[in-house]
Amino acid sequence: MTMRLVTSAKIFYLLLSQVFLYPVVAKDTDTQPNTTVTQPVAPAAIVSNPYKHFIPDHETQTCAADEHATPFNNQIRGVNLGGWMVLEPWITPSLFYQFLGKDETSTATDIHSFCRVLGKEEANKQLRRHWETWVTEDIVVQLKNSGAVNSLRLPVGDWMYRPYEPYIGCTDGALDYVDDLLDWAYANGLSVLLDIHGLKDSQNGFDNSGQSSGFEWTSVLNTVPAGDVTFEHWPIRTASWIGTFDPRHANYTDINRDNIQHALDVIQAVVDRYKNHPAVLGLEPVNEPWQYTPIDELKKFYWDGYLIVKKSAPYWKYIMHDSFRFDVNVWGGFMAGCPDRALDTHIYQAWKDPSSRETFYADACSTKHSISAMERAFGPVIVGEWSLATDNCAMWLNGFNDNLPGFPRLPCKYIPCADPYMGFDQPGTPVDPGKPAQGPYGTGMSTPIFGLCPVGRDWLKESSLDSGKDWMKAPPEAPQGRDASDEVMTNLAQKKISSFSGIGHGFYFWNFRTDLDEPHWSYMLALERGWIPKGNLNDDEIVNACHKEDNGLYLCIARRDQLDSNIKKGITFVLDSVATQNRGQISCNATVSLNQTVVVDNVTLANMTGDDLYTAADCAYNFFWSHHRAEGVTCDFGGTATLVEVNFTSYDSDDSHNADENIAKGKSVLTNFEVVTLVGLVGVGIILGSLIGFAIAMRCSKSFNSRVSHSTIGKTMKKNPILRRSFGGLYSDDYMEIPNTRMHV
């Protein structure tokens, strides 16, 4: 009762402050210049609350009297239209092949340098051809007809609404295509989330912000031996939208208020232009502000942007990215009580270390726990970007002719580079099949080689999980008959969709299509391959896709043949984590490698080697993982651990991963071993039956016996007395039957 009175009093106070005491700020000409005073408003000049469905509290950045005009009852099942308005070389490499082999003054790595290097006229000519072909009405219809997609997330740049150099004249006409897209979406019953993907001076330093910020040419240091054109980006990446970044201390020394205000002006322009369009779902004020962005400044920006949106477009959703800090301690309670806001998080596995399929499955399913926690602490959560990639092989994924240090972690598959989607009038296309890798060269390698482009690796059918390392030895392209990509990707897609939509408020797949043949990143290609099902995404196979992971049907054990020192580091990590609760000791019963109770502590660990060490690691790893997997802990332990199914150590295809679910549904399930055994028994039966039938025919049919006797095989059999007797005797060529006549004496 007391809480209700306090809440009612707060709402009453806010109503008074918004309606009767709304401040009027005026210059005080009798005091110091440029100072202001707040004057109470006379009753005749009452200003009403400008927000239709709530009352804001600016001090606490929360809301009261929420009427929840547009409840978030329907989940989002969407795709991103990436690479269209904000260029990303890895999505549409056909636009950037023209810069291979170029130098410092003639190379573009993002849309900012694309406009600057090509000049306004040529850049706009190429962009219009790109806009005309990359997203079309036919594609929107195809997405609608997939049966699952109900929304599109459209990345746009701030330069489209408040132009500045070098975009003035370069991106002219872009908004006309956006208008068309909104009309197509509305005609097909799809909503559109407008996502401000790029801000002035870059909010994260990525090319997807419009400008690869933190970029230096280093060619002068590489004149010997090859005289290559080189650059550096990742080790010196920065982001200057919100201020001046100090890389030595990883913080900001000042805040750029002009840039923040520019971004707020862009939000106002977007709202003014589209507030009455029925296809617009809402707005995302900035995509992926990096993790060093001062969180208080970011929250203030989000708050101010929210008020701009809700004042003019009261029914729009307002979706905020988590700044790579998906933490309830950061976002819990923020903008509490404010209608129509949601938190966006991006969940990728492409940048994770290589591992087994079971590890990727478990990781996908574990995300539901963190999403659930955030839904309780903050409110609606949307996974605004995800893919099916489990490696970093997609060409230029980490920038034009560049890569992150240490990437890719495993060799990549190469396929013929695709023909240009916009036609062969595009400069630089097709890729020259007679040329090796061309510069300029970045920190890492990712580029066409003799007309071949790197793409995602295949998954292979494995024969054993005993070592947990078969996938490490696998070639990037599966040999004929060994490709398990369809099974692995289908299972992974089901588990991700189950996690993202089963607990949260939905998702947007990144991306709707790719220039190269990359179904791991292309929703449309994944549909064609059957990795993502068409139609209803609430099928039982998707809803129950995480059955094994949720019910503990996996064990986390040590990988065999690992260095003892690395295994001990993993065990020590576990022991240190339980030092206060378990006095630095772990006791566990049998796992895959155990048949007795095992006790592990730092004293016994010191002298362990070989099988004893692996057994201790099995105990420690599975203990820690099983107790903390709901918190998002993975079975990794410095790359020394892997997941295996309970009572299951080998398989030939991923069909076995669905065995439990099929049994539960009453479906007949045979393992590959059972299939081979059954086929063998049938074959033996056929052979034995044929031999028995042959023997009977030889004994009972003289005509059959005679025909066989005079055949090539029969002549061979006559020479073997055992075969001759076994088949009832064989007629001989030199045998003549004596007529049955009587002799008269």
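Using a 4.5 Å heavy-atom threshold, the side chains of Val220 and Glu104 count as separate. Taking 4.5 Å as the limit, some side-chain heavy atom of Val488 sits within range of a side-chain heavy atom of Tyr361. At least one side-chain heavy atom of Leu181 sits less than 4.5 Å from a side-chain heavy atom of Val192. Residues Pro420 and Tyr97 have side chains not in contact (no heavy-atom distance under 4.5 Å, counting atoms from C-beta outward). Contact of the His321 side chain with the Asp344 side chain is registered, since non-hydrogen atoms from C-beta on lie closer than 4.5 Å. Considering only heavy atoms from C-beta on, Thr109 stays 4.5 Å or farther from Pro89 through its side chain. Looking only at side-chain heavy atoms (C-beta outward), Thr345 and Val383 come within less than 4.5 Å of each other.
Residues satisfying the side-chain contact (heavy atoms from CB on, under 4.5 Å) test with Gln438, not counting sequence neighbours, are Leu100, Lys435. The side-chain contact (heavy atoms from CB on, under 4.5 Å) search around Pro475 returns Leu460, Pro479, not counting sequence neighbours. In this structure, the side-chain contact (heavy atoms from CB on, under 4.5 Å) partners of Cys170, at least two apart in sequence or on a different chain, are Cys115, Ala123, Leu127. For Ser113, the side chain to side chain donor-acceptor pair (under 3.5 Å) partners at least two apart in sequence or on another chain are Asp110. With sequence neighbours excluded, no residue forms a salt bridge (Lys or Arg N to Asp or Glu O under 4.0 Å) with Asp322. Taking Asp103 as the reference, Thr105, Ser106, Val229 meet the side-chain contact (heavy atoms from CB on, under 4.5 Å) condition, with sequence neighbours excluded. Checked against salt bridge (Lys or Arg N to Asp or Glu O under 4.0 Å), Glu88 has no partners two or more places apart in sequence or in another chain. Partners of Glu165 by salt bridge (Lys or Arg N to Asp or Glu O under 4.0 Å), not counting sequence neighbours, listed by chain and number: Lys120.
Of the residues Phe99, Phe215, Tyr441, Phe400, the one that meets the ring-ring contact (aromatic ring centres under 6.0 Å, His included) test with Phe231 is Phe215. Of the candidates Ser209, Ser213, Ser240, Ser212, Ser202 forms a side-chain hydrogen bond (donor to acceptor under 3.5 Å, both in side chains) with just one, namely Ser209. If you run side chain to side chain contact (heavy atoms under 4.5 Å, CB included) between Lys200 and each of Asn256, Val266, Asp158, only Asp158 comes through.
His262 contributes no side-chain N or O that, together with a main-chain N or O of Leu199, makes up a donor-acceptor pair within less than 3.5 Å. A donor-acceptor contact shorter than 3.5 Å links the side chain of Gln203 to the backbone of His197. Distance alone, capped at 3.5 Å, is enough to place a donor-acceptor pair between the Ser446 side chain and the Trp396 backbone. Checked by atom type and distance alone, the side chain of Thr244 never pairs as donor or acceptor with a backbone atom of Thr253 at under 3.5 Å. Side-chain N or O atoms of Trp521 include none that pairs as donor or acceptor with a backbone N or O of Trp510 at under 3.5 Å. Under the 3.5 Å distance criterion, the side-chain polar atoms of Trp84 are matched with a main-chain donor or acceptor of Trp131. Judged by distance alone, with hydrogens and angles left aside, the side-chain atoms of Asn401 form a donor-acceptor pair with the main-chain N or O of Pro440 at under 3.5 Å. When atom types are taken as modelled, the side chain of His112 and the backbone of Pro166 share no donor-acceptor pair closer than 3.5 angstrom.
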Just do the side chain to side chain donor-acceptor pair (under 3.5 Å) check on Tyr508 and Ser151 with the steps written out, would you?
-> CA-CA 8 Å; Tyr508 290 96; Ser151 189; 2.7 Å; yes

Please table the atom pairs, donor to acceptor, closer than 3.5 Å between any side-chain atom in residues 524-532 and protein atoms at least two apart or in another chain.
unit_1 : atom_1 : unit_2 : atom_2 : d
Arg529 : NE     : Asp486 : OD1    : 3.4
Arg529 : NH2    : Asp486 : OD1    : 3.2
Trp531 : NE1    : Asp486 : OD1    : 2.8

Please set out all donor-acceptor pairs under 3.5 angstrom arising from side-chain atoms of residues 511-518, sequence neighbours excluded.
unit_1 : atom_1 : unit_2 : atom_2 : d
Asn511 : OD1    : Gly82  : N      : 2.6
Asn511 : ND2    : Gly82  : O      : 3.0
Asn511 : ND2    : Arg513 : O      : 3.0
Arg513 : NH1    : Thr133 : O      : 3.3
Arg513 : NH1    : Trp134 : O      : 2.8
Thr514 : OG1    : Leu516 : O      : 2.8
Asp515 : OD2    : Ser94  : N      : 3.0
Asp515 : OD2    : Ser94  : OG     : 2.6
Glu518 : OE1    : His520 : ND1    : 3.4
Glu518 : OE2    : Gly456 : N      : 3.0

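Taking CD1 from Ile196 and CG from Leu154, the interatomic distance works out to 11.0 Å, rounded to the nearest 0.5 Å. Thr640 contributes atom OG1, which lies 7.0 Å from atom CG of Asn566 (distance to the nearest 0.5 angstrom). Remark: Asn491 CG to Leu388 CG distance equals 11.0 Å, nearest 0.5 Å. Going from atom SG of Cys412 over to atom CG of Leu397 covers 10.0 Å, rounded to the nearest 0.5 Å. Here Phe407 contributes atom CZ and Thr443 contributes atom OG1; the two are 13.0 Å apart, rounded to the nearest 0.5 Å. Rounding to the nearest 0.5 Å places CE of Met85 at 13.0 Å from CG of Asp195.
Comment: Arg153 engages Glu284 in a salt bridge, judged by a side-chain N to carboxylate O separation of less than 4.0 angstrom.
Minimum heavy-atom separation, Gln98 to Pro427: CB-O, 3.5 Å. Contact detail for Ser366 and Asp363: the closest heavy-atom pair is OG-O, 2.8 Å.
Relative ring orientation between Phe637 and Tyr621 is described as parallel, the plane-to-plane angle staying below 30° on a 0-90° scale split at 30° and 60°. In this structure, Phe245 and Tyr292 have tilted ring planes: the angle between them lies in the 30° to 60° band. Ring pair Tyr252/Trp290 is perpendicular by interplanar angle, where above 60° counts as perpendicular and below 30° as parallel.
For Glu132, the CD atom counts as loosely surrounded, since its 6.0 Å shell holds 12 or fewer non-hydrogen atoms of other residues, nucleotides or ligands.
Residue pairs meeting the salt bridge (Lys or Arg N to Asp or Glu O under 4.0 Å) criterion with at least one partner in residues 402-426, sequence neighbours excluded, are Asp353-Arg409, Lys413-Asp458. Within the structure, side chain to side chain donor-acceptor pair (under 3.5 Å) contacts touching residues 226-236 (residues at least two apart or in different chains) are Thr218-Thr230, Asn222-Thr230.
For Asp483 and Ser485, the side-chain atoms include at least one donor-acceptor pair closer than 3.5 Å. Remark: the Trp459 side chain and the Thr390 side chain contain an N/O donor-acceptor pair separated by less than 3.5 Å.
Aromatic ring centres of His346 and Phe324 lie farther apart than the 6.0 Å criterion allows. The aromatic ring centroids of Phe509 and Trp386 lie less than 6.0 Å from each other.
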